[in-house]
Amino acid sequence: MENLTLVKPKASPYYLPQGEEESVLTHAYRQKIPLLLKGPTGCGKSRFVEKMAHQLNRPLITVACNEDTSASDLVGRYLVKGGETVWQDGPVTRAIKTGSFLYLDEIAEAREDVVVLIHSLTDHRRELYIDRLNEVLKAPSEFMLLVSFNPGYQSALKEMKPSTRQRFIALNFNYPILEAEIKIVMAESACTEDVAKRLCKMALKMRAIENYEFRETVSTRLIVYAAKLIVSGLSPRLATTVAVSQVMTDDPEALAALNDIVSLTF
Ligand code: ADP
């Protein structure tokens, strides 16, 4: 599957905590309670999961869900190989068999049958029914299910149902406060403190714009991209225009408003 990654990095991924999230995840893991991470895109949710999987010494399997992600993508399927039909485990099955952290990113984007599939994994049963094999797989205590959800982004149709939400405990994420975002941008891009400060203050101004409706606001990820391009030698204005303004909108007026802020920054 293209949108699947299995990661077990040697060095601990860099993650600057925003609050008590590390301790919440650690206790949820010990108590075998699944975790829902809420928050806008690019604010550090995936990085947090990577860091914690590393810290708790578990492999991490991440699935980026989209509207085509179905239960059989996650459980597994029969494939024809050289004239023979062979079963291939999907990411959920593999995560259970290997006692991994399973991170379903943007769960609300996936098809309805994915939600049904995870129900038995999220209650006391902690098991997966593989209908095609007529098998029930029990999750070991090391297995943990984590899902992310972006409350502002999904349409009303794609809201998570209360009956699904109530199977998780939930952690709220947001863009880091100014001082923390400056530290993150410096650590991620190796840019100077001056550049990081300018970019992060610029991001604050952009996030405060009220006249235009952006689908998503400027994320820490975009600020890190701009900083990396600047470190690489691109002019700060061009770097910021391509990494931030152009990504955020196609509307000429809104673009001009963003670029005004860019010109005041660099
Ligand atoms: P999300 O999963 O919320 O969409 P990511 O975890 O991929 O976002 O974060 C996007 C980028 O922002 C990361 O690659 C990292 O560079 C940076 N980032 C955001 N928050 C943090 C943080 N608290 N600590 C370290 N890096 C962060």
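Just so you know, ligand 1 is whichever comes first in the structure, and atom 1 is the first atom listed for that ligand. Remember, it's a predicted structure, so these values are computed and weren't measured experimentally.
- Side-chain contact check for E253 and N211: no donor-acceptor pair (N or O, by modelled atom type) lies under 3.5 Å.
- Distances between N or O atoms of R47 and those of ligand 1 include at least one value under 3.5 Å.
- Applying the 4.0 Å criterion to heavy atoms of E188 picks out, from ligand 1, the atoms 15 (C), 16 (O).
- No donor-acceptor pair under 3.5 Å is formed between the side chain of T249 and the backbone N or O of L255.
- At a cut-off of 3.5 Å, with distance as the only test, no side-chain donor of Y15 or Q55 sits close to an acceptor on the other residue.
- Taking a cut-off of under 4.0 Å to the non-hydrogen atoms of Y15, the atoms of ligand 1 that pass are 22 (C), 23 (N), 24 (N), 25 (C).
- For atom 23 (N) of ligand 1, the nearest protein heavy atom (residue, atom name, distance) is L16 O, 2.8 Å.
- Side-chain contact check for S70 and D113: no donor-acceptor pair (N or O, by modelled atom type) lies under 3.5 Å.
- Close approach of ligand 1 to T41 is summarised as follows: ligand atoms under 4.0 Å from at least one heavy atom of the residue are 4 (O).
- You'll find the ring centres of F101 and F143 outside the 6.0 Å limit.
- Between L35 and I169, some side-chain heavy-atom pair lies under the 4.5 Å cut-off.
- With S148, S46, C43 as candidates, the residue nearest to atom 2 (O) of ligand 1 on a non-hydrogen basis is S46.
- Side-chain contact annotation: D105 with S148, donor-acceptor N/O pair under 3.5 Å present.
- Close N/O approach between P17 and ligand 1 is not found [any backbone or side-chain N/O within under 3.5 Å].
- Heavy-atom proximity to K45, at under 4.0 Å, picks out these atoms of ligand 1: 1 (P), 2 (O), 3 (O), 4 (O), 6 (O), 8 (O).
- Close approach of ligand 1 to Y14 is summarised as follows: ligand atoms under 4.0 Å from at least one heavy atom of the residue are 25 (C).
- Distances from atom 5 (P) of ligand 1 to the heavy atoms of S189, P40, A227, G44 show the closest one on G44.
- Some N or O of R221 is nearer than 3.5 Å to an N or O of ligand 1, by distance alone.
- The distance criterion of under 3.5 Å between nitrogen or oxygen atoms is met by G42 with respect to ligand 1.
- Screening R132, R77, K97 against D89 for a salt bridge (Lys or Arg N to Asp or Glu O under 4.0 Å) leaves a single residue, K97.
- With 3.5 Å as the limit, one finds a donor-acceptor pair spanning the side chains of E181 and T220.
- Scanning the protein for heavy atoms near atom 21 (C) of ligand 1, the closest one is I184 CD1, 3.5 Å.
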